[in-house]
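Every number for a ligand or one of its atoms is a count from 1 in the order of the listing.
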Amino acid sequence: MSMIAAFYGGKSILITGATGFMGKVLMEKLLRTSPNLKVIYILVRPKAGQTTQQRVLQMLNSKLFEKVKEVCPNVHEKIRAIYADLNQNDFAISKEDMQELLSCTDIIFHCAATVRFDDPLRHAVQLNVTATQQLLLMASQMPKLEAFIHISTAFSNCNLKHIDEVIYPCPVEPKQLIDSMEWLDDAIIDEITPKLIGDRPNTYTYTKALGEMVVHQESGNLNIAIIRPSIVGATWQEPFPGWVDNLNGPNGLIIAAGKGFLRSIRAAPKAVADVIPVDTVVNLMLAVGWYTAVHRPKSTLIYHCISGNLNPCNWGKMGIQLLATFEKVPFERAFRRPNADFTTNAITNQYWNAVSHRAPAIIYDFYLRLTGRKPRMTKLMNRLLRTVSMLEYFVNRSWEWSTYNTEMLMAELSPEDQRVFNFDVRQLNWLEYIENYVLGVKKYLLKEDMAGVPEAKQHLRRLRNIHYLFNTALFLIAWRLLIARSQIARNVWFFIVSFCYKFLSYFRASSTLKV
Ligand SMILES: CCCCCCCCCCCCCCCCCCCCCCCC(=O)SCCNC(=O)CCNC(=O)[C@H](O)C(C)(C)COP(=O)(O)OP(=O)(O)OC[C@H]1O[C@@H](n2cnc3c(N)ncnc32)[C@H](O)[C@@H]1OP(=O)(O)O
Ligand SMILES: NC(=O)C1=CN([C@@H]2O[C@H](COP(=O)(O)OP(=O)(O)OC[C@H]3O[C@@H](n4cnc5c(N)ncnc54)[C@H](OP(=O)(O)O)[C@@H]3O)[C@@H](O)[C@H]2O)C=CC1
């Protein structure tokens with residue numbers, strides 16, 4: 001019997017960010033392994049014209065939740081969606097709901113965050129720092145609360161090379177920053193943002209670091225743990241391999257590369273690609289929830305959830321495997337044949353961007369104009385290159401994270417728990433994982449059917465022929481221009497033509513003699 005699964009039985013669990021990538025997988029696993037839990041409270045806001053209830057219904061009807069319904073058919077009854085907006089005071093939760101949350105919650109998993117790299121500082125602070133502070137305040141009023149699990153990121157201290165499972169102080173006090181956001185206007189905040197974030201690449205990593213400090217400072221008597229995952233990728237095993245549902249992290253770039261839009265990138269092929277499957281992260285979260293509640297460690301423990309030190313894969317290897325999978329199961333209607341050129345040189349990168357990305361986009365837009373359609377490829381390409389430039393920081397460096405706490409926890413689990421809540425990435429086979437990842441992107445993000453693979457392959461063959469034809473035509477035009485302008489080129493041309501002529505004459509003469 002799994003001790004962790006038994007622990008969650010009968011519990012009331014509050015999850016923020018449950019409609020997000022990680023939150024959904026967390027909910028699914030909880031319901032599947034502990035179907036006798038009492039209730040999962042989820043804080044949800046209405047979005048894109050959907051009420052909170054409609055959003056939850058849509059989520060529960062998705063493929064991700066198909067398996068759980070076999071073990072927990074009353075899954076709808078186990079989930080209690082509470083209207084909330086983490087940007088508002090008291091999260092805009094009604095008095096009755098707040099009362100219920102305060103008196104019933106046993107465990108909190110705080111996953112909600114803005115993960116956008118380019119979010120204005122005010123918004124990122126509001127969600128990643130102030131909302132965390134508010135949630136801690138709520139938690140301190142929960143008499144039954146056994147554990148508060150805060151999800152941060154392994155990159156919150158990405159300005160350091162070696163990162164321990166400790167909280168590093170930030171030069172600015174989070175409380176002071178929160179206060180100053182109240183009276184500073186947006187223009188001033190934008191101006192001071194680069195100075196504040198210092199040697200971090202974006203407001204996301206900066207505010208996640210501040211969020212950790214808030215947790216540290218306001219933990220009071222709470223039983224808290226912080227989990228820091230690295231780049232969270234598709235599911236490895238559960239509930240099925242390859243599940244993804246957004247364009248964050250590597251996902252968008254896998255699409256861009258598979259569709260042939262992105263064919264080169266400024267990345268260090270030897271740098272560690274610290275991707276960690278989302279189900280691994282969720283298993284660790286549940287194990288940490290159990291450990292924190294049952295063993296009540298004296299101080300706040302931080303757990304790194306990463307792959308690099310136990311089972312490293314680098315971007316070069318990942319690129320090769322991605323290309324191999326694109327060959328086997330290509331994406332439909334690719335713009336060009338997939339390719340993966342890595343360069344660490346900024347000038348070479350500019351060159352490839354011009355030749356491999358911008359020029360084909362301009363040519364394609366010219367073709368669209370000629371055929372009376374609206375050009376769109378240049379705009380799309382500019383957007384893609386902007387996105388890529390924001391992710392470049394993370395694919396040109398390697399970090400070392402210590403994992404003492406994570407390894408300690410692994411050793412604390414019973415063999416059954418190690419199996420059911422497996423977060424040992426040493427067992428991960430990268431080649432298999434990447435292949436399933438691409439298949440998942442194809443099925444769940446692009447909604448492409450496997451029946452379309454032969455046609456997609458045919459399309460790639462056509463693209464290859466167009467590529468050869470285009471290059472030959474380009475070569476002939478360039479050569480013709482050169483001959484018209486240079487005596488040396490004309491002499492070389494004359495030499496080649498006469499050589500070919502002589503060779504053919506000799507070949508014909510010798511074959512006639514043989515007869
Ligand atoms: C390349 C040749 C070789 C290929 C071979 C393979 C090489 C290896 C391939 C894999 C490459 C792997 C690179 C991985 C890099 C991973 C870096 C991850 C870093 C992790 C840091 C910490 C992790 C975390 O803690 S949090 C999770 C990470 N967060 C994110 O990833 C958010 C990033 N996204 C953003 O910040 C924004 O979306 C932004 C700034 C990129 C774009 O903002 P903008 O306002 O311009 O657009 P949106 O409205 O958001 O979207 C516009 C448009 O773009 C689509 N899109 C969004 N995100 C991505 C994306 N990551 N990649 C591609 N496309 C994206 C979005 O859906 C929109 O499309 P529409 O059609 O217009 O709707
Ligand atoms: N994905 C990754 O690669 C990594 C993620 N992390 C961390 O893991 C956690 C989860 O990330 P992930 O699931 O990928 O992120 P997502 O962007 O997929 O999910 C974010 C969640 O936060 C919710 N949220 C955002 N703003 C509000 C708001 N104002 N009120 C209520 N809810 C809100 C979103 O709700 P809604 O659906 O309404 O927008 C969504 O449920 C985050 O803390 C992130 O920092 C750490 C390392 C890597």
Atom indices of ligand 2 within 4.0 angstrom of [X] heavy atoms, with elements:
| X | answer |
| --- | --- |
| Ala113 | 20 (C), 22 (O), 25 (C), 42 (C), 43 (O), 45 (O) |
| Asn87 | 29 (N) |
| Cys111 | 9 (C), 10 (C), 42 (C), 43 (O) |
| Tyr204 | 6 (N), 7 (C), 44 (C), 45 (O), 46 (C) |
| Val232 | 1 (N), 2 (C), 3 (O), 4 (C), 48 (C) |
| Ser230 | 47 (C), 48 (C) |
| Phe21 | 13 (O), 14 (O), 18 (O) |
| Asp85 | 28 (C), 29 (N), 30 (N) |

Tell me yes or no: between the side chains of [X] and [Y], is some donor less than 3.5 Å from an acceptor?
| X | Y | value |
| --- | --- | --- |
| Thr300 | His216 | no |
| Gln217 | Gln133 | no |
| Asp97 | Ser94 | yes |
| Ser402 | Asp164 | yes |

Should [X] be listed as contacting ligand 2, given a heavy-atom distance under 4.0 Å as the test?
| X | result |
| --- | --- |
| Ala154 | no |
| Val115 | yes |
| Thr114 | no |
| Pro229 | yes |
| Arg55 | yes |
| Ala131 | no |
| Phe155 | no |

Can you check whether [X] has an N/O within less than 3.5 Å of an N/O in ligand 2?
| X | result |
| --- | --- |
| Lys208 | yes |
| Thr153 | no |
| Leu127 | no |
| Gly23 | no |
| Ala84 | no |

- Task: Measure from atom 8 (O) of ligand 2 to every heavy atom in Gln126, Arg45, Met22 and give the option owning the shortest one.
- Result: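 It is Met22 that holds the nearest heavy atom.
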
- Message: Looking at non-hydrogen atoms alone, which of Thr19, Leu86, Leu43 comes nearest to atom 31 (C) of ligand 2?
- Response: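 Selected option, by shortest heavy-atom distance: Leu86.
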
[X]/[Y] aromatic ring centres below 6.0 Å:
| X | Y | value |
| --- | --- | --- |
| Trp236 | Phe423 | no |
| Phe7 | Tyr291 | no |
| Phe21 | Trp243 | yes |

- Query: Is any side-chain heavy atom of His150 closer than 4.5 Å to a side-chain heavy atom of Ile227?
  - Reply: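 They are not in side-chain contact.
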
- Item | Donor-acceptor pair, side chain of Asn283 and main chain of Asn422, under 3.5 angstrom |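 Yes.
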
- Would you check if the side chain of Gln176 reaches a backbone N or O of Val172 as a donor-acceptor pair within less than 3.5 Å?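 Absent.
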
- Message: Tell me whether the count of non-hydrogen atoms from other residues, nucleotides or ligands lying under 6.0 Å of OH in Tyr393 goes above 12.
- Response: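 Check passes, neighbour count above 12.
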
- Message: Salt bridge check, Glu448 against Lys259: does any charged N sit closer than 4.0 Å to a carboxylate O?
- Response: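 Here Lys259 pairs with Glu448 in a salt bridge, since their nearest N and O are under 4.0 Å apart.
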
Applying a heavy-atom cut-off of 4.0 Å, say which part of [X] lies close to ligand 2: side chain, backbone, both or neither.
| X | result |
| --- | --- |
| Thr16 | neither |
| His110 | neither |
| Arg228 | neither |

- Result of checking Asp119, Thr153, Ile197 against Tyr204 for side chain to side chain contact (heavy atoms under 4.5 Å, CB included):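 For Tyr204, the side chain to side chain contact (heavy atoms under 4.5 Å, CB included) check succeeds only for Thr153.
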
- Which residue, Asn311, Thr403, Thr406, forms the side chain to side chain contact (heavy atoms under 4.5 Å, CB included) with Ile306?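 Among Asn311, Thr403, Thr406, the one meeting side chain to side chain contact (heavy atoms under 4.5 Å, CB included) with Ile306 is Thr403.
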
- Query: Tell me the side-chain hydrogen bond (donor to acceptor under 3.5 Å, both in side chains) pairs involving residues 317-326, sequence neighbours left out?
  - Reply: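 Qualifying pairs: none.
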
